[in-house]
Amino acid sequence: MSTLKLEKVSRWYGNVVAVNDVSFEVGAGITGLLGPNGAGKTTLLHMMAGFLAPSAGRVQLDETPTWRHAEVYRAIGFVPEREAVYPFLTARQFVTASARLQDMENAGAAASRAIEMVELGEAADRAIGGYSKGMRQRAKVAAALVHDPKVLILDEPFNGMDPRQRLHMMDLLRGMAADGRTILFSSHILEEVERLSDRVLVIVAGRLAASGDFRKIRRLMTDRPHRFTLRSSDNRRLARELMAGSEVDAVELRDGVLTVHTGAYGALTRAVAPAAQRANVSILEMRPADESLESVFSYLVHR
Amino acid sequence: MTVALVSITLRALLNRRRTLLLALLGALLVVVAVIYRLGNPTAAESVEVTRRLLANFGIGVLLPLVAVIVGTSALGSELDDGTIVYLLAKPVARWRIVLVKLVVAWLVTCVLVAPAIVIAGVIGQEDPQLAIGYAVASILGALEYTAMFMALSLLTSRALIIGLAYVVVWEGVVAGLFSGTRAVSVRQHALAVAESFGGAGAGDAGLAFGFAVAAGAAVTMAAIALAIRRLETVELRGETT
Amino acid sequence: MSASPEAAGTIYDIGYRHYDGPRLGRRGAVMAVVGAGLRAIFGLGRSGRSKVIPWGTLILATMPAIVAVAIRVLAGDLIELYSYDSYLWQIGALLPIFVAAQAPELVVNDIRHRVLPLYFSRPMSRFDYVAAKLGALSLALLSLTLLPVLVLFTGRVLAGDDVVGAISNEAGTLPAIVGTGLIHALVLASLGLAICSLAARRAYAAGAVLAVFLIGSVVGEILAEAGGFADVAPFLNPLAIMDGTRQWLFGGSVAESPVRAADVPLALYGLATLAVTLGAWAVLAFRYRRISV
């Protein structure tokens, strides 16, 4: 088991601060790095993978700094966000070359295994230049895990994948995590992180906004003033019934839509259905009115 | 691991259209020699004209053009499109990446230049020693040039343009006008080698052989050291920054 | 029948204005491309680095004229440094450098980044586009091929004691100065643009332009000294071809030019210039007709 450790890490470009005084540890299992675009996810991952020097602080893999220590790459597999892969190589050649560069004895067999794992089978002998985004992504992942690394770092690995490929990749990562590997991936999509990782790091504007167990953070994120919009067979009766309970702070009726304000997300979602039943109203639609990730983040940061 | 590094570099360098154009450049040298020889020149004249052809076209134009394109793209194109990350994320020492890529770029340059010089030299006049002298010069010059241009490609993303400007302005004009600057001109280093290996007809205008070799070696070593140093500290920021 | 506002759909007036002023049309579009091209060539509105080569070559090209004028003012007409005839040949090395560095700015990235549709969806045809780029590069080149010689001319006129007499003395040279400048600018622009239109990246375009001029002049120079090829030699070098044309039209030879060593009718140079220009235009026509947008 390997641990990636960041201590008071900052990184600035000129006078732009990309990562600001971040400390955390990543151990075995899947950790999701969540943040909106431009939050500093890529900078953070590149520092962890040893491609960027921290301007201040330390980034270490099991007590070895990752910057300027090529030996750490025996333990690290890295999947960059950038799409470019050698267009003139086939996936098999690309993955085999990665195995050779890892000094593996049986590079061909290792490459076949990795290609098998990402289900690239029949396309593996075509040039990468003609691949779709999802296939390219899988070729990159195969190259990163061909040497069976203890730590796998993936920058936006699900970009450009279709839902089936996405599910398969999630299974693959879960399997690797179950073997005691350390897996860290970044995403700006809440739902991906929720489904895959036990542990999340939330980064906003270069600062670590939250870290730890996903469910706890989720609750912190959700127990904030919330608005839902509802459409039902009789909005007025439903509103009356809901107002009778303690979960709802205010209701608003306008243009055939019922808007509900609440401070207790979970309690409200549980209270709606019984209330509708009591009032004998059928609910046609219920949706959160302000569920964008940015609003969640801005709440977290300004809390 | 060297094999993988070599094969990736070779495949990237031997892009079909570009290689063909560079080979055509070499073929042009041979064609000029053939055309010249068809005019039945006298022996003494043919030695002099062939020498000028090999020196001014072979060493003066063909070699630096091929070397600047091959040398700047051997490592530079991967830095440009970000694929360098797949090499850097491996337990391979950075100096090794630089050296392997340099050797590949050097050999590719040699293959595109030296045969053309030998053939043109043998066609243009009788004495094979002249051709061999200039071929040796082109091989040593190729090493110095590719090392320089590889270092340049690690310093700037506009290495090819700057390299071309260097070839035209410094090697072509300045080193011709001010003889003091010849000490640091790759072309003059190479010509000194050619003059020393090329026999009687190879001329003697430039630097002393020993000095040229020492200066060439110094420039090459400095360029390699700089390239290694740069690759060891190069930072990859990712696409968005 | 009343529909709810949602079903009917509503467009809100958020202040968009329709443009109903006069439109400049095709002519305006062409002028805009010429203007943008000139700004690109001289690096106006861009970083200092992109100004180095155009302004550097421009200054280097004008410097001899200024020095010559200064010497004339200070020392009288004791020595003649530069003649109108040989001036362009003397600064010849600067012309390919200028073309190689700046012509790619005009055309390469338009093709590479696939922005040509944005041009062709305006009142502008493919022909207009090429003509505008050619115009911009030719105009820019005039600053090297005409401006320095005009500086020399003006200096000579003003340096004399008798300005009116000087004008009448020197005025006869004006057609040759202007004609030579125009021919050089147009031919170099056509050739440069044609080469650049074929390249995939700006750096390769620059390399190709330099290769054509370098190889032409080096091979030409070597062959000129080899007996029997002196007649062919100047035709390998675009600058020599243009110098020959200048001599054909306006007279006055240049000592260093391979045209002097060759023994062919001067009209052949005119023909060669025409062939080079038409060839370049044919390449441009072929390239831009075929390109899919």
- Task: Start with the C-alpha gap between B/S185 and B/E171, add the side-chain angles, then the distance that decides, and say whether side-chain hydrogen bond (donor to acceptor under 3.5 Å, both in side chains) holds.
- Result: CA-CA 6 Å; B/S185 154; B/E171 298 283 346; 2.8 Å; yes
- Query: Between B/L28, B/I35, B/L25, which residue shows the highest count of heavy-atom pairs closer than 4.5 Å to chain C?
  - Reply: B/I35
- Identify which of B/L21, B/I161, B/N56 forms the greatest number of heavy-atom pairs closer than 4.5 Å to chain C. B/N56
- Task: Check each atom of B/L65 against the heavy atoms of chain C and say whether the ones under 4.5 Å are side chain, backbone, both or neither.
- Result: side chain
- Message: Quick check against the 3.5 Å criterion: does B/Q188 have a side-chain atom that pairs as donor or acceptor with the backbone of B/V184?
- Response: no
- Please confirm whether C/Y269 and C/F235 have ring centers closer than 6.0 angstrom. yes
- Go through B/R52, B/R158, B/E48 and name the one with the most non-hydrogen pairs under 4.5 angstrom from chain C. B/R52
- Note on the structure: Counting heavy-atom pairs under 4.5 angstrom with chain B, the leader among C/I215, C/I97, C/L214, C/L236 is C/I215
- Message: Ring-plane angle category for B/Y166 and B/Y145, please: parallel below 30°, perpendicular beyond 60°, tilted otherwise.
- Response: perpendicular
- Flag if over 12 foreign heavy atoms under 6.0 Å of CZ, C/R114: no
- B/L62, B/L164, B/V169, B/L29: which one forms the most heavy-atom pairs within less than 4.5 Å of chain C? B/L164
